[in-house]
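Worksheet: one structure, shown below.
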Amino acid sequence: MLLLSLVIATPLALASDVIDVARSFPDGGGYNWTAGATGVKEPVDFKGARLLEATEGGSFCCGYTFAVAMRVAEERSLLKDKSVEDARKFLKDWYGAPGGDKTLVVLAVENLGIGEAVPFEDAQAGDFVQLWREGGSGHSVIFLKWIEEDGRRVGFRYRSSQKLTDGIGDRTEYFSDAPGLNGRVLREETYVCRLNEK
């Protein structure tokens, strides 16, 4: 019985490092989604190469989640056999390079071999999510928890960088099919991935 409880607890325990890293970036800091902005408030380096320069004026979603993913992946030793070129390709996939697909973060971790897709209904704290909304806008976020009403999942809370939190912060959004909540997130176009453990 004890063994079973340890097995069940392991994924959540490991995911806590994603949340810890995500929260190590201070709230706010400004939002800057303009031409030429990188989306990060501090440089992202890998094996002596600079992947992203810091941008004045704030962060945006892809930059923030990419910085978190890189830090966690390095701490878990998932990148030890990866080259700088591999990391640059990972960056392009994460941000949505031309020729990619709408899954973005899922495509990125699977192409690099450091994570895998997770069925949306199985999302848990510390997973990375690419969501799409009615109207075509998208958002790269870190899943925190489900929001439920009357036993039905109507939305979720996440951490990312967005205008409404003046940069990095936690936010709740609702699904477009959840009545009375003015949600715009498309349930069928929300993609989840989870980094490998080690």
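On a predicted model such as this, the values are computed, not experimentally measured, just so you know. Counting from 1, the numbers follow the sequence of the chain as shown.
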Do W146 and Y191 belong together in a cluster built from hydrophobic side chains that touch within less than 4.5 Å?
no
Using atom types as modelled and distance alone, determine if a side-chain donor or acceptor of S59 lies under 3.5 Å from a backbone N or O of K41.
no
Got a donor-acceptor contact below 3.5 angstrom from the T65 side chain to the C61 backbone?
yes
I'd like to know if the side chain of R171 and the backbone of S160 have a donor-acceptor N/O pair within less than 3.5 Å.
no
Test ring-ring contact (aromatic ring centres under 6.0 Å, His included) on F143 and F128; report intermediate values, then the result.
CA-CA 6 Å; F143 187 93; F128 293 88; over 10 Å; no
Centre of W132's six-membered ring, under 6.0 Å away, within 45 degrees of the axis: is that where NZ or CZ of K102 sits?
yes
Going hydrophobic residue to hydrophobic residue with side-chain gaps under 4.5 angstrom, can you get from F120 over to I142?
no
Within a strict 4.5 Å, meaning less than it, do heavy atoms of the R194 and Q124 side chains meet?
yes
Partner of V192 by side-chain contact (heavy atoms from CB on, under 4.5 Å), out of T103, V106, V129, V105
V129
Establish, from distance only, whether the side-chain atoms of Y158 and E173 form a donor-acceptor pair under 3.5 Å.
yes
Could you identify which residues cluster with I147, counting Ile, Leu, Val, Met, Phe, Trp and Tyr as linked when any side-chain heavy atoms lie under 4.5 Å apart, either directly or through a chain of such contacts?
V154, Y174, L181
Could you tell me if the ring centre of W33 sits under 6.0 Å from that of Y95?
no
Grab the two heavy atoms, one from A67 and one from V44, that are nearest each other, plus how far apart they are.
CB-CG2, 4.1 Å
Applying salt bridge (Lys or Arg N to Asp or Glu O under 4.0 Å), run through R71 and E42 and close with a yes or a no.
CA-CA 12 Å; R71 191 178 295 178; E42 56 190 58; 3.0 Å; yes
Before you tell me yes or no, could you show the steps for R184 and S137 under side chain to side chain contact (heavy atoms under 4.5 Å, CB included), namely the whole-Å CA-CA distance, both residues' side-chain angles and the distance that decides it to 0.1 Å?
CA-CA 10 Å; R184 296 176 49 231; S137 67; 3.8 Å; yes
Taking the side chain as C-beta and beyond, is there a heavy-atom pair between L131 and L186 under 4.5 Å?
no
For D122, side-chain contact (heavy atoms from CB on, under 4.5 Å) partners two or more places apart:
V118, P119
What do you reckon, are the aromatic ring centroids of F25 and Y64 less than 6.0 Å apart?
yes
Say whether, by atom type as modelled, one donor and one acceptor occur between the side chain of E75 and the main chain of V18 under 3.5 angstrom.
no
Are any of the side-chain nitrogens in E85 or K92 under 4.0 Å away from the carboxylate oxygens of its partner?
no
Would you call the rings of F66 and F90 parallel, tilted or perpendicular if under 30° counts as parallel and over 60° as perpendicular?
tilted
Between R153 (side chain only) and E148 (backbone N and O only), is there a donor and an acceptor less than 3.5 Å apart?
no
Using the rule that two of Ile, Leu, Val, Met, Phe, Trp, Tyr join whenever any of their side-chain heavy atoms come within less than 4.5 Å, decide whether V185 and L144 are in one cluster.
no
Within the structure provided, determine whether L52 and M70 are in side-chain contact (heavy-atom separation under 4.5 Å).
no
Can you list the steps and then say if V141 with Q130 is a side chain to side chain contact (heavy atoms under 4.5 Å, CB included)?
CA-CA 6 Å; V141 309; Q130 175 64 43; over 6 Å; no
May I ask you to test the R23-D170 pair for a side-chain heavy-atom distance under 4.5 Å?
yes
Taking atom types as modelled, find out whether S83 and R88 have a side-chain donor-acceptor pair closer than 3.5 angstrom.
no
Find the distance between OG1 (T38) and CG (L51) and round it off to the nearest 0.5 Å.
11.0 Å
Does a side-chain heavy-atom distance below 4.5 Å link I168 with R159?
yes
When every non-hydrogen atom of A49 is compared with those of V84, the smallest separation belongs to CB-CG1, 3.6 Å
Which pairs, with at least one residue in residues 59-70 and sequence neighbours excluded, count as a salt bridge (Lys or Arg N to Asp or Glu O under 4.0 Å)?
none
With salt bridge (Lys or Arg N to Asp or Glu O under 4.0 Å) as the rule and sequence neighbours excluded, what pairs involving residues 45-60 come up?
D45-R50, R50-E53
When you compare the side chain of L112 with that of K89, does any pair of heavy atoms fall below 4.5 Å?
no
Spell out, yes or no, whether L91 and F60 are grouped together once hydrophobic residues are joined by side-chain heavy atoms under 4.5 Å, including indirect joins.
yes
In Å, rounded to the nearest 0.5 Å, how long is the span from OG of S161 to CG of D166?
8.5 Å
In terms of hydrophobic clusters joined by side-chain contacts under 4.5 Å, are W94 and V40 together?
yes
Is it the case that the side chain of K198 and the backbone of L78 share a donor-acceptor pair, with hydrogens and angles ignored and the cut-off at 3.5 Å?
no
Who passes side-chain hydrogen bond (donor to acceptor under 3.5 Å, both in side chains) against S176, sequence neighbours left out?
none
Any side chain to side chain donor-acceptor pair (under 3.5 Å) pairs touching residues 104-118, not counting sequence neighbours?
D93-N111
From E197 CD over to R76 CZ, what is the distance, rounded to the nearest 0.5 angstrom?
7.0 Å
Rounded to the nearest 0.5 Å, how far does CZ of F175 lie from CZ of R187?
4.5 Å
